[in-house]
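On a predicted model such as this, the values are computed, not experimentally measured, just so you know. All chains are named by letter (A, B, ...) in the order of the sequence lines, taking the proteins before the strands, and each is independently numbered beginning at 1.
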There are 2 protein chains.
Amino acid sequence: MVDNLTVPSPETEIPEEVSGLRMTRQRREVYRILLQDRDHPTANDVFLRVKDALPSISLATVYNCLEALVQHGIVRQVNFERESSRFCPNVAEHGHFHDRSTGVIHDITFKPGVNLSDFLDLPAGAVITDIELTLRGQLGSI
Amino acid sequence: MVDNLTVPSPETEIPEEVSGLRMTRQRREVYRILLQDRDHPTANDVFLRVKDALPSISLATVYNCLEALVQHGIVRQVNFERESSRFCPNVAEHGHFHDRSTGVIHDITFKPGVNLSDFLDLPAGAVITDIELTLRGQLGSI
DNA sequence: ACCAATATCAAGAACTATTCTAAATTGGTT
DNA sequence: AACCAATTTAGAATAGTTCTTGATATTGGT
């Protein structure tokens, strides 16, 4: 079941404006691609996919669109090590699990009601505004 | 109190060989610099600092040395977003807290006895081998 | 101690992901 | 339809890092 409040389905009509960002043809297509396959594509992946609908789009435009979407909180930019940035339309707070054997990246959510200070020794008075969590490993050969 | 088992003090004699890595003059100096100021310097920071002791060292050599140290588990490479990699001699499992107002990066440790699955919804059968945690925020203006 | 084999270093070129620049295009508004 | 601002495009520029090559140093076997 998909939470349509935070992540619209790819079939949903994307409106003229989302979170104060005017949806141009390019931005709409880029966003639609992100909604279509939630596989955390890179800018270049998006570029290649979006060409089907907009053959004349440029890579710079894809970067522009992704930046606009990220800055308006519609899309999240995720960095793993020094690899190319990846993008996902799930803007709810979540971390990532990188399966080393398949390369697949899974979103992982925090259990409800858990507090950071429950399991971390934080500096006194630290106010956390942003969490970035990446796990690596394998999806068990049980 | 510093844990001399995982992080030697900068005054400690660095032996001929550490974890199977032969300590050349350059590697020893690079490592010493990391032990000296635990402020998560970039490769270029290290380069500038190490020049005092080895004026003829090249940036490429600093990269080589850092890579060797990282690959032998003596030093940890830390990436924040798409910034330059940073390096720290603390190879014990820990996360980072990035103070937005001062730019200072603090190491944060996990409370003992805590299990990942206590606060995360992990995919069934996931075996975690590596954790990367970065928090951002401010050190409270109380 | 000597020599060959091996590892390391230095310098700069090359590479990759991303950003910048400037000109062209688009879209909404008078 | 003309105007203006925003957007797009293509290619150049940039930053960080890696690669290549030849020089230098170190090790192990004699």
Problem - Apart from B:Val78 itself, residues in the same hydrophobic cluster as defined by side-chain heavy atoms under 4.5 Å - result: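 B:Phe80, B:Ile105, which link up through side-chain heavy atoms under 4.5 Å apart, make up the rest of the cluster.
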In whole Å, I'd like the distance from the [atom1] atom of [X] to the [atom2] atom of [N].
{"X": "B:Gln26", "N": "C:dC9", "atom1": "CD", "atom2": "C1'", "value": "6 Å"}
{"X": "A:Leu69", "N": "D:dT8", "atom1": "CG", "atom2": "C1'", "value": "15 Å"}
{"X": "A:Asn64", "N": "C:dT25", "atom1": "CG", "atom2": "C1'", "value": "14 Å"}
{"X": "B:Phe80", "N": "D:dA15", "atom1": "CZ", "atom2": "C1'", "value": "19 Å"}
{"X": "A:Leu54", "N": "D:dT9", "atom1": "CG", "atom2": "C1'", "value": "13 Å"}
{"X": "A:Met23", "N": "D:dT8", "atom1": "CE", "atom2": "P", "value": "11 Å"}
{"X": "A:Leu21", "N": "D:dA6", "atom1": "CG", "atom2": "C1'", "value": "12 Å"}
{"X": "B:Phe47", "N": "D:dG16", "atom1": "CZ", "atom2": "C1'", "value": "14 Å"}

Handout entry: A:Arg28 and A:Glu13 ion-paired at < 4.0 Å
Key =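 Salt bridge flag = no for A:Glu13 with A:Arg28.
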Problem - Between the first and last five pairs of the helix from C:dA1-D:dT30 to C:dT30-D:dA1, the angle of the axes, rounded to 10 degrees - result: 20°
Handout entry: Residue-phosphate contact under 4.0 Å: A:Ser58 side-chain N/O, D:dT8 OP1/OP2
Key = no
Problem - Pair B:Thr61-B:Gln26, side-chain donor/acceptor within less than 3.5 Å - result: no
Nearest heavy-atom pair of [X] and [Y]: which atoms, and what distance?
{"X": "A:Ala92", "Y": "A:Arg76", "result": "O-NH1, 4.0 Å"}
{"X": "A:Phe87", "Y": "A:Ala43", "result": "CE1-N, 3.9 Å"}
{"X": "A:Leu120", "Y": "B:Lys111", "result": "O-CE, 3.6 Å"}

Problem - Atom CZ of A:Arg25 with >12 non-hydrogen neighbours under 6.0 angstrom - result: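 No, the 6.0 Å shell around CZ holds no more than 12 heavy atoms from other groups.
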Contact list (N/O, under 3.5 angstrom) for nucleotides 15-19 of chain C vs protein:
from   : atom 1 : to      : atom 2 : distance (Å)
C:dT18 : OP1    : A:Ser85 : N      : 2.8
C:dT18 : OP1    : A:Ser85 : OG     : 3.3
C:dT18 : OP1    : B:Arg82 : NE     : 3.2
C:dT18 : OP2    : A:Tyr63 : OH     : 2.4
C:dT18 : O5'    : A:Tyr63 : OH     : 3.3

Problem - Contact list for residues 113-137 of chain A, test ring-ring contact (aromatic ring centres under 6.0 Å, His included), sequence neighbours left out - result: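 Residue pairs passing ring-ring contact (aromatic ring centres under 6.0 Å, His included), neighbours aside: A:Phe119-B:Phe119.
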Exercise for the section: Output the distance between atom CG (B:Asp130) and atom CD (B:Glu93), rounded to the nearest 0.5 Å. Expected result: 8.0 Å
Practice task
With sequence neighbours excluded, tell me which residues meet ring pair (Phe, Tyr, Trp, His ring centres under 6.0 Å) with B:Phe110.
Solution key: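 By the ring pair (Phe, Tyr, Trp, His ring centres under 6.0 Å) rule, B:Phe110 matches no residue at all.
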Practice task
Assert yes or no for the condition that the ring centre distance of A:His98 to A:His106 is strictly below 6.0 Å.
Solution key: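 No; A:His106 has its ring centre 6.0 Å or more from that of A:His98.
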Name the pairs: protein N/O against N/O of nucleotides 22-29 of chain D, kept only if under 3.5 Å.
from   : atom 1 : to      : atom 2 : distance (Å)
D:dT26 : O3'    : B:Arg22 : NH1    : 3.1

